[in-house]
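The block underneath contains the structure these notes are about, expressed in structure tokens.
Each residue takes its place number in the sequence, starting with 1. Read the numbers this way: they start at 1 and go in the same order the structure lists the ligands and their atoms. These figures come from a predicted structure and were not determined experimentally.
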Amino acid sequence: MTGQLSVEDAINRLHSTKERSIEIVFRSDNFWPFKNHMGPTPADDQEDVIISVFDSSFNPPTLAHLSIALLCRPDSTFPFDAHLLLLSVTNADKKLTPTDATYVQRVEMMILLAHDMMASQPGIRVAVGIIDEPTFVGKCRVIQQTFGKESGKSTKDIRMWFGIGWDTLLRLFAPRYYGGMDAMEDQLEEFFDRDGSGVICARRGDGTKDEEKVFLATDVVKRWVDDGKVVMVDIGTYGGYSSTSIRDAIANGEDGWRSMCTSSIADYVRDAALYGKV
Ligand SMILES: Nc1ncnc2c1ncn2[C@@H]1O[C@H](COP(=O)(O)OP(=O)(O)OP(=O)(O)O)[C@@H](O)[C@H]1O
Ligand SMILES: NC(=O)c1ccc[n+]([C@@H]2O[C@H](COP(=O)(O)O)[C@@H](O)[C@H]2O)c1
């Protein structure tokens, strides 16, 4: 397990540099995200590296988070080359409250979740990272600059599919995160078209099919749905799970919350006495 100091150091490094960057605090193998070494092999020189990125507050990780992190590639029958669990230390909307898990505790739970992913799909390659970048457009640029051609470490392009939920899809297409409609359209054009990103959106318990139909048909969204860059999926009963419901159940002394997360996360939450009343 990553030591407390190294996670805190990683967060401090992110905050102390003006340049946007990412800190990888766990990786399942030394070569992640590449297959063999930190660069291309002659045989697959031209192939892009396709990464599944799941970005969340992990406060705590739920089975919904696990199932989104394990979603398949929508554009190919090949699996993802690598998976990334990402924690933003600058969230677009959320601020830390006193009963929340600390960033160090969240990273420790993310590493447990990475092990759960590896246990459920042997051979899967997973890393845990921390980033100081609130928008998906920004996260995508930082990851490309860190691992792709621009880094000089690779001659490959890095392409990403971001796993998100319905509430986040609405916010991906909200002009307030970009400084207006024109800026949003330009930045999303770069994200989907130039950078080759896509989003896989899991339906949540809170949206209706009619609402979804109307939203996906709006001009700014429809072109990317038609292009296969915005893909909707169902995650079944997990669609009704949330970190809030686990936190609330614990605060209210209710049972049953353990079934909303993996047993390793449930044990961690219990042992760290997280989310009780202050
Ligand atoms: N049950 C779910 N179904 C579909 N998407 C989900 C679900 N839970 C979380 N997500 C998506 O996962 C991403 C990370 O979510 P987040 O960390 O905010 O989880 P959360 O359970 O909504 O947290 P909280 O309850 O603390 O707000 C978001 O894109 C969110 O939409
Ligand atoms: N327009 C955007 O790119 C945008 C908007 C809202 C949230 N986000 C990000 O989505 C992720 C999940 O957000 P929540 O934890 O608020 O559900 C966070 O990393 C958050 O910063 C991105």
Check: Touching ligand 2 at all, Phe173? Heavy atoms, strictly under 4.0 Å?
Finding: no

Checklist line | Which of the ligand 2 atoms, numbered from 1, are nearer than 4.0 Å to a heavy atom of Tyr177 | finding: 1 (N), 5 (C), 6 (C)

Next item on the list: Answer side chain, backbone, both or neither: which part of Phe136 comes under 4.0 Å from ligand 2, heavy atoms only.
Entry: both

Item checked: Close-range residues for ligand 1, whose non-hydrogen atoms fall below the 4.0 Å threshold -> Phe54, Asp55, Ser56, Ser57, Phe58, Ala64, His65, Ile68, Lys94, Ile164, Gly165, Asp167, Thr168, Ala202, Arg203, Arg204, Ile235, Tyr238, Gly239, Tyr241, Ser242, Ser243, Thr244, Arg247

Check: Which of the listed options, Gly138, Pro175, Pro134, Ala174, holds the heavy atom that is closest to atom 22 (C) of ligand 2?
Finding: Pro134

Item checked: Greater than 12 external heavy atoms within 6.0 Å of Asp219's CG -> no

Item checked: Any donor-acceptor N/O pair, Tyr275 side chain to Arg270 backbone, under 3.5 Å -> no

Check: Applying a strict 4.0 Å limit to heavy atoms, is Ser57 in contact with ligand 2?
Finding: yes

Please set out all donor-acceptor pairs under 3.5 angstrom arising from side-chain atoms of residues 185-192, sequence neighbours excluded.
from: Glu189; atom 1: OE1; to: Arg223; atom 2: NH1; distance (Å): 3.1
from: Glu189; atom 1: OE2; to: Arg223; atom 2: NH2; distance (Å): 3.4
from: Glu190; atom 1: OE1; to: Arg194; atom 2: NH2; distance (Å): 3.4

Item checked: Basic-acidic side-chain contact under 4.0 Å: Asp81, Arg125 -> no

Checklist line | Step-by-step ring pair (Phe, Tyr, Trp, His ring centres under 6.0 Å) determination, Phe173 to Tyr177 | finding: CA-CA 9 Å; Phe173 287 98; Tyr177 295 99; over 10 Å; no

Notebook entry, point to check: More than 12 foreign heavy atoms under 6.0 Å from CG of Asp255: is that the case here?
Noted result: no

Note to self: Working note: Asn59 + Arg247, criterion side chain to side chain contact (heavy atoms under 4.5 Å, CB included); need CA distance, chi angles, decisive distance, verdict.
What the structure shows: CA-CA 8 Å; Asn59 185 32; Arg247 294 194 305 271; 3.4 Å; yes

Notebook entry, point to check: Between the candidates Arg171, Glu133, Lys139, which shows the shortest non-hydrogen contact distance to atom 1 (N) of ligand 2?
Noted result: Arg171

Check: Which ligand 2 atoms, with their elements, are less than 4.0 angstrom from a heavy-atom of Leu172?
Finding: 1 (N)

Check: Partners of Leu170 by side-chain contact (heavy atoms from CB on, under 4.5 Å), sequence neighbours excluded?
Finding: Trp166, Phe215

Enumerate donor-acceptor pairs with a distance under 3.5 Å from any side-chain N or O in residues 70-79 to protein atoms, sequence neighbours excluded.
from: Arg73; atom 1: NE; to: Asp75; atom 2: OD1; distance (Å): 2.9
from: Arg73; atom 1: NH2; to: Asp75; atom 2: OD2; distance (Å): 3.4
from: Ser76; atom 1: OG; to: Phe78; atom 2: N; distance (Å): 2.8

